[in-house]
Every structure is written in C-alpha cells, then in structure tokens.
Amino acid sequence: MLDHLGQTKRTHNCGELRKEHAGQMVTLMGWVNSFRDHGSVLFVHLRDREGITQVIFDENHNLELLTRGKQARAEYVLAVTGKCVLRDEKNYNPNMATGEVEIIAEELKVLNDCQTPPFEIDNCKASEELRLKYRYLDLRRPEMQSNFRLRHQLALAARRVLDEEGFYEIETPILTKSTPEGARDYLVPSRTSPGKFFALPQSPQLFKQLLMIAGYERYFQIARCFRDEDLRADRQMEFTQIDLEMSFVQPDDVFNVIEPLICEFFKVVGIEPPARPFPRMSYKEAMNRYGSDKPDLRFGLEFVDLSAQFEGGAFTVFAEAVKKGGVVKGIVVPGAAQWSRKHFDEILELAKRYGAPGLAYVQVLEGESKSSLAKFLGTDGINALIKTAGAKAGDAILMIGGKWDVVCTSLGAVRLEVSRRENLIDENEYRLLWVVDFPMFEYHDDDKRWYAMHHPFTSPIDEDLDKLEGGDLGSVRAKAYDLVFNGNELGGGSIRIHRSDVQAKVFKALGLTEEEAREKFGFFLDALSYGTPPHGGIALGLDRIVMLFAKAKSLREVIAFPKVASGSDLMTDSPSAVTPEQLAELKIKTLV
RNA sequence: GGAGUCGUAGUUCAGUUGGUUAGAACGCCGGCCUGUCACGUCGGAGGUCGCGGGUUCGAAUCCCGUCGGCUCCGCCA
C-alpha cells in the first residue's frame with residue numbers, strides 16, 4: 001500500500017547529517033539504495049541527490065514499522081521520519097559521508113514502489129546500450145549526478161564571469177535559414193510555406209554578428225547547435241556551445257576574456273588554474289611539430305625534420321619525396337628499439353589509414369642499429385640519421401616521407417597512438433594553448449574549389465588582404481584561433497569581416513557570384529553595409545569542457561539524453577515514422 | 001559510404017575440436033537471522049544463445065545475410 005505525501009516535509013537531505021545532528025528528529029525523502037534484512041532489524045540506505053543515509057527499523061522500537069519497512073525494495077520512494085542518532089564507534093562507516101550517524105525510523109511513508117530495475121543503480125555494470133535505454137535510471141547514479149552537478153556549476157560560472165565582463169545573454173532563433181557552407185543542416189519543413197524549409201542552426205554565427213551590428217557590443221549565449229554529420233565519442237549531432245561575440249576587438253581581447261573564464265573553470269573543479277597567458281602556436285608550427293592543429297602537449301615525441309638527411313640520397317622513396325617538394329619527418333620513441341615486428345606493422349597500418357605511403361624505422365641499439373634503410377644508407381648514414389634525430393640506444397626512430405600535409409597528419413596520428421601505447425600521458429596534467437594563424441582557405445580536390453577553413457565571414461589577417469585577389473589563396477592566413485586543451489579542440493573563433501568590400505572579395509575567392517552571395521546571405525550583406533563595427537568572437541564546446549573536467553571518455557556521459565553513434569535515441573526510439581497525415585500537411589513525400 | 005569489434009539468464013560474463021540436460025556470479029522470489037553497510041545462510045524460479053537462412057546425423061560453436069551497440073576513417077569546427 002502506498003502512502004500520500006500529505007503535509008510531510010523534508011527537513012534534511014540524505015547527504016548532510018553529521019554527528020552534530022544527533023538527537024534531532026529529521027525527515028528524509030529519497031530512494032531505497034540498498035537494504036539488509038536481519039530479521040528483527042532492517043537497515044535501509046536511503047539515497048537522494050545529495051547522498052546516502054542509513055535508516056534503521058528495529059523490532060524492539062516499533063514492530064509494526066519494521067514489518068512495513070520490510071516491504072521496501074530497491075528504488076522504492078520513501079519518506080522516513082526518525083531520530084538522528086550517533087552510531088556506536090565500532091559501527092561507523094568511514095566510506096559514507098553520513099557514516100557516523102543513522103536514523104531510527106519512527107514514521108514511514110512509502111511514496112512509491114518500483115519495478116525491479118533492469119540494472120542495479122548502486123552497482124551498475126550494465127552496458128552503455130542498456131543504460132541509455134533506461135537513461136532516467138542511469139541518471140540516478142551518483143557518478144552521473146556528479147557529472148551534471150559539474151556541468152551546472154561550469155555553466156553558472158560562465159554566466160557569472162561573462163556578466164562581470166559586460167556581456168548580455170541574448171537568445172537567437174532555433175528555426176533559421178539554411179546556409180550551404182559548412183556542415184549539413186537539419187531541415188524543418190514549413191507548413192505555412194509548403195516546400196520550404198527552416199534549418200536548425202549549426203551555430204548562431206550570423207545572428208551574433210548582427211547583434212554586434214545592432215550595437216550590443218558584448219553578447220553571449222549558452223547555445224544549442226545542430227550539425228547533421230556522423231557522430232563520434234566527442235561529437236553529438238546536437239550540442240551546446242558557450243558562444244560569444246565582442247565589438248571593437250582584436251584576437252588578444254577575446255583571449256583576455258576566455259583565459260580568465262577557463263581559469264575560473266579550474267577553480268570551480270578545485271584544480272590550480274594554468275599560467276596565463278596561454279601559449280600560442282601558429283597552425284603551421286603545430287602541424288610541423290606535432291602533426292595536428294590540436295596538439296596534445298602533455299607529452300613530447302616532437303617531430304624532427306629529416307628531409308635534409310634524405311635529399312638526393314640512396315633511399316629513393318624519401319629522396320624523391322623531398323625532390324618533389326615534400327618532406328621526411330620522424331619521431332624518436334624512447335624504449336621502442338625493443339618493439340616487435342608486429343608492433344611496428346600495426347603502427348604502419350595506422351599511418352596508412354591516414355594516407356602515409358609507408359613507415360620506415362630505425363631501432364637504435366648499443367652496438368649496431370637495425371633498420372631496413374641500412375642497405376641504402378650504410379652504417380654511417382644510419383648513424384648520421386640517429387645523431388640528427390637525437391636518438392639514444394633503446395630508442396626507435398619512426399619516419400614518414402611524402403607530401404607535407406600527409407606526412408604531418410599521418411605522423412601526428414602515429415604520435416598519438418604511440419603516446420597511448422607507451423603510456424606517456426599524465427592524466428592529471430592540463431595543457432592549454434591557442435592555435436592561431438589558420439589558413440583562410442583549403443582546397444578540396446574532389447570538387448576542385450576553395451572552401452573557407454573556418455567560415456566565410458572570417459577576416460583574413462591584414463597583411464594577407466592583398467592576396468585575396470590574384471592568386472595564392474592557400475597562403476592567405478585568417479584571424480582565426482582555436483583553443484586546444486590536452487589535444488582536444490575546446491573551441492574556435494575569429495575576428496570577422498566587417499567591411500562589405502572585403503566580404504565581397506572573400507565570396508569571390510570562394511567562387512560565389514554576386515547573385516549567389518545575395519541569395520544566400522543577402523540580409524547579412526545588407527546589414528554589413530549599415531555601419532558594422534570591427535568585431536570577433538569565439539564559441540567553446542560546453543559538453544567537451546565538462547567531459548574533460550569530469551575525465552569522461554565520451555560526450556554521452558555529460559549529456560543527459562544523448563544520441564548513440566547511429567544518431568538515434570535508444571530511450572525514446574527516435575527518430576521515428578510520422579503519420580501520412582502529418583506529411584500531407586507539410587506537403588512532403590518520402591522516397592523510402 | 002567504409003574498416004574493426006561485440007551480441008548467451010534481469011545484468012555482467014564463461015562455454016573446450018561441432019556432441020547428449022547451456023554454466024557462474026550478481027540481481028529476483030521464499031525461509032531463517034539484532035549491528036549490517038559487497039551482511040550471512042538455506043531453498044527456488046529464470047534461456048527464441050540478437051534475428052533469418054545454410055552446412056551437418058547433430059550448431060551457442062562453422063558459412064552467408066541482416067539488425068543493434070562501441071571505436072575509428074570519410075564527413076564535421
């Protein structure tokens with residue numbers, strides 16, 4: 001039989017009672033975390049958001065109440081009133097914050113019962129699939145509740161810091177206009193304009209720029225963004241950004257807002273904040289030294305350029321690569337001289353997945369070193385190589401030669417894999433940096449045209465403005481920057497174009513005719529011409545920030561109701577079919 | 001779109017070379033138990049081996065297909 005809550009009021013939560021409370025009458029409400037029935041005495045651990053407290057039902061104290069208490073099962077919802085008492089010292093439970101006290105039940109209300117849960121909340125060993133199907137149960141687990149407390153605290157800190165810095169929080173539309181650049185849009189059919197569609201925003205990009213044009217000077221929003229692309233452990237189709245924009249600024253001004261904000265996050269989680277200013281590295285340098293535009297600086301394995309060693313040499317594969325304008329780069333891996341052939345082969349396979357033509361290596365030994373290159377370079381050549389690379393006995397040098405970007409990217413992947421295999425990452429270290437001076441454009445071989453690397457409203461750096469016309473678009477640098485945290489891209493932004501003439505040149509460079517530009521961004525181009533202040537901003541991935549501070553392996557651990565890799569929601573079983581009537585109303589026919 | 005990997009009781013897993021009645025732990029149900037907090041103890045129930053097809057005297061096991069989860073490539077800032 002269930003009881004009504006009635007006028008019973010909770011006096012304390014399940015995490016706050018200490019020995020100072022001994023002697024007080026208290027009322028707790030929560031879920032049965034566990035129970036142990038000893039016949040004439042029953043122990044119940046009652047759990048709520050704040051913690052767990054032990055409640056005792058005792059035959060000598062109240063037989064009728066004990067009998068009723070014994071009906072409780074896992075996850076029943078109880079209201080218990082009783083006296084908080086100090087436990088005998090030998091009965092302290094040091095594993096519980098409330099372990100020095102317990103509640104002797106005087107009154108019990110069973111507010112609700114519970115089916116046998118599909119997995120134990122207290123001791124969850126369930127697969128992620130099952131956890132997601134019963135997400136509301138999964139979210140009861142203290143580990144998950146702690147993730148969402150952290151998420152709340154970080155979002156709150158962001159609001160506090162940005163408010164102190166003079167930012168207004170302003171909402172922008174969720175139903176907006178499809179823009180073909182960038183990621184695939186989620187489309188929403190318009191009933192009132194049959195055959196036409198809204199798009200869900202990939203980011204509030206244009207709206208926040210319009211707010212600058214509108215004179216709001218400093219805007220921020222904790223904004224939901226949508227991208228119809230395949231998911232990853234660190235990528236959901238629907239995610240949250242701390243999005244902001246500022247007027248009359250250069251990149252430094254943005255950094256000077258973001259760095260204190262990030263430091264505040266460290267304070268919230270109780271970790272010593274990193275030193276400021278955060279280091280900065282150009283895109284080119286990051287690629288050259290680490291093979292990534294989001295280098296993980298928690299470990300070394302920096303690239304050594306070995307092009308000069310191979311130029312014109314007997315190892316024709318590498319010599320040819322250099323001759324054609326490519327490079328040969330290597331990393332020195334401590335201890336890897338002992339690796340098995342199989343181990344090297346696995347690394348080679350990885351490099352190939354990233355487009356590397358091959359992978360050469362030298363196993364550096366006390367006496368003669370081992371390498372497949374020995375027959376080309378001779379002992380002297382190998383020794384010279386070892387010296388240039390700075391390798392010691394016991395190390396191995398892994399080398400890739402070819403086109404610059406392929407070498408950097410594939411060796412970067414090798415560097416990361418090696419760091420994992422060799423356990424080179426200190427999980428308690430936090431390394432932040434700004435990656436700056438990104439290329440403005442990147443060339444896509446498949447459709448033979450240039451694309452904006454960031455987005456087409458990014459300002460080129462002043463010195464490169466001239467290069468927009470007449471030529472070498474690949475060398476134009478953008479006033480764009482990414483914030484990188486332990487090898488993860490936490491956010492990115494740029495100073496925007498505020499002049500119509502510059503914007504027109506960029507569109508032209510991207511191959512957009514004036515008519516196309518007008519059709520796609522006409523409203524925005526109009527706005528640009530009405531006194532746009534210089535402005536710029538950034539967006540930080542809130543989910544990723546929470547994930548990193550929570551040391552979670554996937555975004556799904558810090559998003560309350562996430563999608564799985566295939567893009568569906570296992571709890572609601574969405575997406576799902578809709579009725580023919582719904583489609584008819586929208587004038588939509590499906591092809592499947 | 002592609003690659004790898006996993007799918008057996010409510011859950012997590014084991015399951016030998018293809019062999020007779022598919023096991024364990026936890027959970028669940030019932031009994032006993034006054035100090036447990038991973039309680040203990042006695043007993044019990046619980047299986048479409050993801051699904052479909054094939055090979056075989058015989059399939060959880062081998063083959064083909066398919067569905068679903070995870071990780072990655074492509075894609076994505």
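All values reported here derive from a predicted model rather than from experimental measurement. Proteins come first, then strands; the chains are lettered A, B, ... in the order of their sequence lines, and each starts at number 1.
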Considering only atom P, compute the distance from B:rC64 to B:rG4 and round it to an integer number of Å.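 It works out to 12 Å between them.
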
How about A:H21 and A:H12: are their ring centroids closer than 6.0 Å?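 Ring centroids of A:H21 and A:H12 are less than 6.0 Å from each other.
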
Taking the six-membered ring for Trp, are A:F485 and A:F549 ring centroids under 6.0 Å apart? yes

Look at the side-chain N and O atoms of [X] and state whether any lies under 4.0 Å from the OP1 or OP2 oxygen of [N].
X: A:R36; N: B:rU36; value: no
X: A:R73; N: B:rC29; value: yes
X: A:R232; N: B:rC70; value: no

Round to the nearest Å and state the distance from [X] atom [atom1] to [N] atom [atom2].
X: A:Q115; N: B:rU11; atom1: CD; atom2: P; answer: 14 Å
X: A:F119; N: B:rA9; atom1: CZ; atom2: C1'; answer: 18 Å
X: A:L66; N: B:rG35; atom1: CG; atom2: P; answer: 14 Å
X: A:D573; N: B:rC67; atom1: CG; atom2: C1'; answer: 13 Å
X: A:L555; N: B:rA77; atom1: CG; atom2: C1'; answer: 14 Å
X: A:D482; N: B:rC76; atom1: CG; atom2: P; answer: 15 Å
X: A:H45; N: B:rG35; atom1: NE2; atom2: C1'; answer: 11 Å
X: A:E229; N: B:rG1; atom1: CD; atom2: P; answer: 14 Å

Among the nucleotides [options], which one has an atom lying closest to any side-chain atom of [X]?
X: A:S127; options: B:rU12, B:rG35, B:rG69; value: B:rU12
X: A:R87; options: B:rU11, B:rC72, B:rC37; value: B:rC37
X: A:K125; options: B:rU12, B:rG27, B:rG35; value: B:rU12

Got a sec, which residues hit salt bridge (Lys or Arg N to Asp or Glu O under 4.0 Å) with A:D37, two or more places apart in sequence or on another chain?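 Testing A:D37 for salt bridge (Lys or Arg N to Asp or Glu O under 4.0 Å), a comparison that skips the adjacent residues, returns A:K70.
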
Once salt bridge (Lys or Arg N to Asp or Glu O under 4.0 Å) is applied, do any residues pair with A:E238, and if so which ones, sequence neighbours excluded? A:R224, A:K563

By a strict heavy-atom criterion of less than 4.0 Å, which residues belonging to residues 197-211 of chain A are in contact with RNA chain B?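 Of all residues in residues 197-211 of chain A, the ones placing a heavy atom under 4.0 Å from RNA chain B are A:Q202.
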
If you look at every strand shown and take non-hydrogen atoms under 4.0 Å, does [X] touch a base, only sugar-phosphate, or nothing?
X: A:D88; value: nothing
X: A:D293; value: base
X: A:L130; value: sugar-phosphate
X: A:E442; value: nothing
X: A:S566; value: sugar-phosphate
X: A:H455; value: nothing
X: A:T458; value: nothing
X: A:G182; value: sugar-phosphate

Just checking, is any N or O donor in the side chain of A:D543 or A:Q236 under 3.5 Å from an acceptor N or O on the other one?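 No, A:Q236 and A:D543 have no side-chain donor paired with an acceptor closer than 3.5 Å.
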
Under-3.5 Å donor-acceptor pair between [X] side chain and [N] base:
X: A:D230; N: B:rG74; value: yes
X: A:R227; N: B:rC76; value: no
X: A:R556; N: B:rC70; value: no

What residue pairs, at least two apart or across chains, pass salt bridge (charged side-chain N to carboxylate O under 4.0 Å, His left out) with a residue in residues 116-129 of chain A?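 For residues 116-129 of chain A, and leaving out neighbouring residues, the salt bridge (charged side-chain N to carboxylate O under 4.0 Å, His left out) pairs sorted by first residue read A:E128-A:R556.
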
Sequence neighbours excluded, which residues qualify as side chain to side chain donor-acceptor pair (under 3.5 Å) partners of A:E102?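 Testing A:E102 for side chain to side chain donor-acceptor pair (under 3.5 Å), a comparison that skips the adjacent residues, returns A:Q54.
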
According to ring pair (Phe, Tyr, Trp, His ring centres under 6.0 Å), does anything in residues 42-96 of chain A pair up with another residue at least two apart or in another chain? List the pairs.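 The answer is A:H38-A:F43.
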
Closest to the 5' end of RNA chain B, once A:K90 and A:E129 are matched to their nearest nucleotides, is A:K90

RNA chain B nearest-nucleotide lookup for A:F239 and A:L570: closer to the 5′ end is A:L570

A:H38 over B:rC39, stacked by centroid distance under 5.5 Å, angle under 30°: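 Here A:H38 meets both the 5.5 Å and the 30° conditions.
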
side-chain contact (heavy atoms from CB on, under 4.5 Å) between A:V249 and A:F255: does it pass, once the steps are laid out? CA-CA 10 Å; A:V249 293; A:F255 298 171; over 6 Å; no

